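Given the structure is predicted, the values throughout are model-derived calculations rather than measurements. The basis for the numbers below is simple: all heavy atoms, side chains too, and nothing from hydrogens, waters or symmetry mates.
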Amino acid sequence: MLVGVANTSNTRYVCMLKSLFQRRPRLDDPDPLVRLRALEEDQKLSVDDLTRVARDDSDRNVRMSALKRVDSLDLYVELIDDADLGKTCCKAISERIDDDHPLATHPQVWPLRLLTVADPMRVYKLARQLGSTSEVAEALVRLPAREVRDEAIKLCFDEEILSEMEKGSRHQDKNVNRFVRQRLNTIKELRNRSQNLTAQAIHVIESAERSSPSDAHYLARREKSEREWEHTLDAITQLNAQLVEVEREGIDIEALKKRFPQRVDPVAADISGPQQFSAILARLKENSDRLSDIDECEREWLDALKAHSAPSDVADQFYHLANQKRREFRQEESEKRHKRNLKRLLEPIEFEQPDTRSSDWQHVWSARSAASSRIDRIARFVDRMGKESESPELQEDRAALETMTTTLRQTIERCTELEDETVRHIESNLVSLDKFIESGSLRKAKSAERNVIALINRLPKRRQSSFNLKLTPAMAAIRRLSGWQEFAEEPKRLALCESIEELVEKPLSPE
């Protein structure tokens, strides 16, 4: 026991002596592991020493350790193009800077920053900070996250950027290319409608200016011009709302209104036949339950104007009441159309879990296609609802549509799971089929072939062709194997029959 204590003491003294005379690791040591240990153990190294090592050392791990200890944005910027440390520097810079930093649009830093951004609005803002429209378009099209990319592209209404995206996405993503082309067509159509409505408004103004109060038919012509003017203003108002959605400047309605001349009372107006106009006005008030009744009253009014001029007060009441009733009918028709569309969108899509023994699975894929189409229709319907005033009824409709959208997405996910599961079974059976063919097991190979064909028939039509191509070589191999076995078995059977016949005449010995 005393000997053991003595040995332990001697070992401790030897270790102490070694530690006193052992060489400390230095940064100028030729061994990179020693230099790396010097960086880790010497906590008193200055920033200048660490910076020098990060710049000039020959070993990548040593440089990386020194770079992390310095942890300076200036050093990261200095080494951003370095072959060994560039990626690490770009990642550190992307985590430290904000959107307004000069390096935010650096070609190596910008993609890394986008990987951590989930807000489409911020992504689009970052993309717009790039230099040219082609760079902006390429950055948006090449975004890694598909959902964020699609939402960011929806925020773009710049025709130059959209044109560049249309060119860049032709051979990359058909969905993006289709969406961009539709948006470009929409902007072009709105621009053409703006030009046409502006020309139409100017034509109505010039027509009203040409009508003279001294004309016997001044009031009738004036009423016609005012009806055309009101119709044009309604169309311009609707167009301006659409132009605002695509970030375009609308038509200046106030400037056009200032140009439209005010009505002038004729000096000598023929007021004969006021009873006829009053009767038409009374009929409009009492018997105008349908839109055709209003049209009939307006036709009678125009026929009466051919012979006489209507009193100004009666005419004002007639036109005001006709326009009011027409707006009410339009509003009522709009509400009915809204309810009809809502009812169709909320109709459930029938989806039944398919039986594994059933060969007809096409109803599954039809349900998935119908659900996807219904989701798009619901999205467009909700967008139109957003333009109208908020009311409790509309909020209830929106909640019902959101519930239906969730149900439809679940249906799509279930159909996709069934498709993926079927594909996995097909691939597994194809592997087994190849093994059976290689081992010469004809019966098992034919059974596996039937299973694969049945599984392929369950898939959507668009995916069956690829698996049929994979199955074709195996089917040919099975035919060759079947023909070879029959060819090989026939002589053996004949020889066996001849041997049995010989046993009658030449029996075998007991042995």
Side-chain angles (χ1 to χ4, degrees), residues 193 196-211 213 215-242 251 253 256-257 260-266 269-343 384-385 387-389 391 393-394:
R193 285 185 57 195
N196 294 336
L197 284 177
T198 302
Q200 180 179 342
I202 294 175
H203 174 73
V204 174
I205 292 172
E206 293 176 349
S207 177
E209 290 175 345
R210 286 193 299 269
S211 61
D215 188 356
H217 302 288
Y218 168 74
L219 293 177
R221 293 175 178 173
R222 179 69 191 190
E223 293 294 344
K224 179 182 177 182
S225 298
E226 290 178 353
R227 286 196 301 272
E228 293 179 353
W229 178 246
E230 184 177 355
H231 177 73
T232 304
L233 289 182
D234 291 341
I236 292 176
T237 302
Q238 296 176 3
L239 176 63
N240 283 347
Q242 297 176 350
I251 301 174
I253 296 180
L256 293 175
K257 287 182 178 180
F260 189 77
Q262 298 294 325
R263 177 188 289 202
V264 179
D265 292 333
D270 185 9
I271 59 173
S272 59
Q275 296 81 5
Q276 183 179 4
F277 293 105
S278 299
I280 296 174
L281 176 61
R283 192 158 53 251
L284 178 64
K285 292 179 179 179
E286 297 174 358
N287 303 322
S288 57
D289 298 331
R290 297 174 299 177
L291 191 61
S292 58
D293 296 336
I294 300 176
D295 296 335
E296 182 64 24
C297 290
E298 289 180 343
R299 282 195 294 271
E300 293 182 6
W301 185 274
L302 292 176
D303 292 337
L305 286 175
K306 296 178 181 178
H308 303 283
S309 298
S312 59
D313 56 339
V314 178
D316 290 341
Q317 294 182 44
F318 179 84
Y319 292 121
H320 176 74
L321 182 61
N323 291 332
Q324 179 181 354
K325 288 183 173 293
R326 195 178 296 278
R327 284 193 296 269
E328 292 175 355
F329 279 119
R330 290 176 180 172
Q331 180 66 24
E332 183 179 355
E333 182 63 27
S334 176
E335 293 176 356
K336 291 180 180 179
R337 186 168 57 253
H338 173 83
K339 292 180 180 179
R340 288 196 302 269
N341 294 335
L342 181 65
K343 182 179 179 181
R384 290 194 296 271
M385 288 175 58
K387 303 172 185 177
E388 302 173 357
S389 60
S391 64
E393 184 177 358
L394 288 179

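- Residues K224 and E228 form a side-chain contact, since some pair of their non-hydrogen atoms from C-beta on lies under 4.5 Å apart.
- Atom CD of residue E328 and atom CD1 of residue I294 lie 8.5 Å apart, to the nearest 0.5 angstrom.
- Under the 4.5 Å side-chain criterion, counting only non-hydrogen atoms from C-beta, L233 is not in contact with E230.
- Just one residue in the list E298, E226, R227 forms a side-chain contact (heavy atoms from CB on, under 4.5 Å) with Y319, and that residue is R227.
- Of the inter-residue distances, the one linking I251 atom CD1 with L256 atom CG reads 7.0 Å to the nearest 0.5 angstrom.
- In this structure, D295 and R326 have side chains that are in contact, with non-hydrogen atoms separated by less than 4.5 Å.
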Trace of the salt bridge (charged side-chain N to carboxylate O under 4.0 Å, His left out) decision for K336 with E332
CA-CA 6 Å; K336 291 180 180 179; E332 183 179 355; 3.6 Å; yes
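- The structure places CG of N323 at 9.5 Å from CZ of F318, a figure rounded to the nearest 0.5 Å.
- Exactly one residue among R337, H338, K343 makes a side-chain contact (heavy atoms from CB on, under 4.5 Å) with N341. That residue is R337.
- The side-chain heavy atoms of Q324 and R327, taken from C-beta on, include a pair separated by under 4.5 Å.
- Taking CD from E223 and CG from D316, the interatomic distance works out to 7.0 Å, rounded to the nearest 0.5 Å.
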Can you list, pair by pair, the side-chain donor-acceptor contacts under 3.5 Å of residues 199-208, counting residues two or more places apart and other chains?
from : atom 1 : to   : atom 2 : distance (Å)
Q200 : NE2    : T232 : OG1    : 3.2

